[in-house]
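To start, the structure itself, in structure tokens.
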Amino acid sequence: MKKFRLKAVQRTSNFSIDYKNDLNEAQFKAVSSSAKRQLILAGAGTGKTKTLVYKVAWLIESGVPAEHIVLLTFTRRAAQEMMNRATELLDERCQRIKGGTFHSFCTQILREHGTLLGISNDFTILDTADTHDVLHHLRSKFVEKKKGERYPNKQTLAKLFSLKRNKQIDIRVLLQQFYPQFTKLEDSIHELYKAFESYKSIHHLLDFDDLLTKTLQLFVENPRVGEQIASTCEYLLVDEYQDTNTIQSLLCEAFSSIHQKITVVGDDAQSIYSFRGASYDNIRNFPASEHPTELTKLEQNYRSTPQILNFANELLKQSHNLFEKKLFTERNESDLPAIIPTIDQIEEAEFLTQYILHLREHQLEFKEMAVLFRNASDSYQLELALNAKNIPFQKFGGQKFTEAAHIKDLLAYLRVLNNPNDTLAWQRLLTNIEGIGPKNAEDLFLWIQHSSRNETWFQSEEWMTKSYYNELKSLSKVLIEAFNCKPWHESIAMLSNYYRPICKRKYDDVEKRMDDLDVLEQIAKPYASMNIFLNDMVLEPFTESVIDTQHTNEEESPLILSTIHSAKGLEWRHVFVINCLDGIMPSMFAMDSDEAIDEELRLFYVASTRAKDMLYFSHPRTSYKARTGEYLTKMSRFLEPVKHVMEPWVLEHEIQEKENYKQLES
């Protein structure tokens, strides 16, 4: 075999940015590296986003066309923020880079090439609630065959099927590992899985996992198309690589298969999403691949004080499966992290509310403080105490805007215009009509499948009762008019006007819901097409609805309450971590697995590194369960080995003088 060596193409590079002075030594090394394959190990608060932004600018100034750079993230907001910051740093070329979230990038590919896999280009994307609805519908037939036996619920089935695809593990193995009580139902569950896949195919539906697995399938079954896609990905940048699952890791290799230029950024110490299918091994094994890989560590922290970082570094010594790194900072010193035992959760809540008010009196705003916890239920006692003291707070982990029932109702009308085979959407909007139940809705849908958009969808039939025939005609009329709207977003106003009387009939807090409908109309206006809008409503849903956020006018921004998982990537000046008990942190469900315990430790580390100025850990000495009553607790095992870098606090109760009692009695 003959070989001919091509000389390296000398691209012109006239740098307008002073990279060396703008970045620290490690950041500059990461940004300016010419390595084809690179892992940037970015510790908490070390300027990961800044490094990626400068990497984008460096590549463009080095001559890489912006259109050939693909940036993959886990939220559209993160991708947009990086593109905007890169644009401010360099110029408008940065807006032309491709990518976004894994799911949105794969959606674009499937819209263009999905027909090669038999996927209609007008497919509907199912959100989590929709997936549960489909599984609930299919599950009933299998439950009927297994009368007298406990069958997995729809949420368990959804998680099981998601893990199967994301981790590429057989259902049998997953049942043995996570749900041993259902192993005898393996054959039935496998049949249900096949029915689920068939149902989605018939009705042109894809769930979140399908977007990834079908894209990978496209590369495998159509290599020429795969090469065509990969050829446009000259340089692949992947953010938060520790959160990728097996399929996402394989997709990264597929996208970079032609040019072999890939930079992944992440922190193995912040890998906390195995319950979503994330594979910790992806980032751990990235340098051990068959291709030479350059490893760069970012260790200078710009967020926290030395005392907080010392605690975090000591905490990670309890793990034996991490890349070696040590965070440091040039910030001024602070007090040691506090460890605060309380009698019970009531005293814990009383301490928190009083101390938070104390900090507020010393010029620290509520929004600069956060209370973090392992489980959403851990904050219930605190919420009661905050309400009693009239302290405004916002809790993260609540309902998303697009999960609100009235928003799902209105989106259902758009979904049937976009995909007439979307049986879930038809079921939702048909049952909005009085007199139509699930069975009638199913019969009507079968009839709809044989009709055309160019005709009225409904016409008089003997089996139709007059109680809803006129309503069906009205629905048919508004759907056809909405389908013909130009520009497309005017269809939302038309459908919203049709839906508002239904909304008034269905819900009590109707005024707030009407506000949400107005918000949805405004959100839709910038979108070029209904397709793109519906994609984003599923892939990048807004966090809150007006119902969740509409309060009386508060004098200041609220205190933040958040699960640790929801707090990842955020920061506050003072952070309180509550209910630090064995069985909670680490979770009792992790006790039998060293791997699971390690992830719980990483979760504790994530909580610790959210703090800028001060960090507090509280643990009630007693707790209460309805079935067993009060019992003694044990402080989290993660705290004992690091007590030497913490300061113990003692809570003293103020005792009223006897004279005060006498005065009250008199």
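Quantities reported herein were computed from a predicted structural model and do not represent experimental measurements.
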_Can you list everything that forms a side chain to side chain contact (heavy atoms under 4.5 Å, CB included) with Thr87? Sequence neighbours excluded, please._
Glu92, Cys94, Gln95
*Partners of Gln181 by side chain to side chain contact (heavy atoms under 4.5 Å, CB included), sequence neighbours excluded?*
Arg150, Tyr179
*Partner residues of Pro152 under the side chain to side chain contact (heavy atoms under 4.5 Å, CB included) criterion, sequence neighbours left out*: Thr156, Leu157, Phe182, Leu185, Ile189
*Lys164: salt bridge (charged side-chain N to carboxylate O under 4.0 Å, His left out) partners, not counting sequence neighbours*: none
*Over 12 non-hydrogen atoms of neighbours within 6.0 angstrom of CG in Asp18*: yes
*Can you see which heavy atom on Ala42 is nearest to which on Val265, and at what distance?*
CB-CG1, 4.2 Å
*Name all residues meeting the salt bridge (charged side-chain N to carboxylate O under 4.0 Å, His left out) criterion together with Arg374; count only those two or more places apart in sequence or in a different chain, and write none if there are none.*
Glu600
*What are the two closest heavy atoms between Leu382 and Ala349, and how far apart are they?*
CA-CB, 3.8 Å
*Please determine if Arg165 forms a cation-pi arrangement with Phe208, meaning its NZ or CZ atom is less than 6.0 Å from the six-membered ring centre and no more than 45° off the ring axis.*
no
Would you list the atom pairs, donor with acceptor, under 3.5 Å between side chains in residues 568-586 and any protein atom, with sequence neighbours excluded?
unit_1: Lys568; atom_1: NZ; unit_2: Glu240; atom_2: OE1; d: 3.2
unit_1: Lys568; atom_1: NZ; unit_2: Asp243; atom_2: OD2; d: 3.4
unit_1: Glu571; atom_1: OE1; unit_2: Arg303; atom_2: NE; d: 2.8
unit_1: Arg573; atom_1: NE; unit_2: Asp613; atom_2: OD2; d: 2.8
unit_1: His574; atom_1: ND1; unit_2: Tyr616; atom_2: OH; d: 2.7
unit_1: Asn579; atom_1: OD1; unit_2: Gln345; atom_2: NE2; d: 3.3
unit_1: Asn579; atom_1: ND2; unit_2: Asp378; atom_2: OD1; d: 3.3
unit_1: Asp582; atom_1: OD1; unit_2: Arg637; atom_2: N; d: 2.9
unit_1: Asp582; atom_1: OD1; unit_2: Arg637; atom_2: NE; d: 3.3
unit_1: Asp582; atom_1: OD2; unit_2: Arg637; atom_2: NE; d: 3.2
unit_1: Asp582; atom_1: OD2; unit_2: Arg637; atom_2: NH2; d: 3.0

*Does anything in residues 380-389 pair up under side-chain hydrogen bond (donor to acceptor under 3.5 Å, both in side chains), and if so which pairs, sequence neighbours excluded?*
Glu350-Lys389, Ser379-Glu383, Glu383-Lys395
*asked:* Filter on side-chain hydrogen bond (donor to acceptor under 3.5 Å, both in side chains), then keep only pairs touching residues 35-46, sequence neighbours left out; what's left?
replied: Arg37-Glu253, Arg37-Ser289, Arg37-Thr293, Gln38-Lys55, Gln38-Thr263
_For Lys634, all residues meeting salt bridge (charged side-chain N to carboxylate O under 4.0 Å, His left out), sequence neighbours excluded_ = none
_Filter on ring-ring contact (aromatic ring centres under 6.0 Å, His included), then keep only pairs touching residues 286-319, sequence neighbours left out; what's left?_
Tyr241-Phe286, Phe311-Phe617
_With sequence neighbours excluded, residues passing side chain to side chain contact (heavy atoms under 4.5 Å, CB included) with Asp344_ = Ile346, Glu347, Thr622
_Test salt bridge (charged side-chain N to carboxylate O under 4.0 Å, His left out) applied to Arg276 - qualifying residues, sequence neighbours left out_ = none
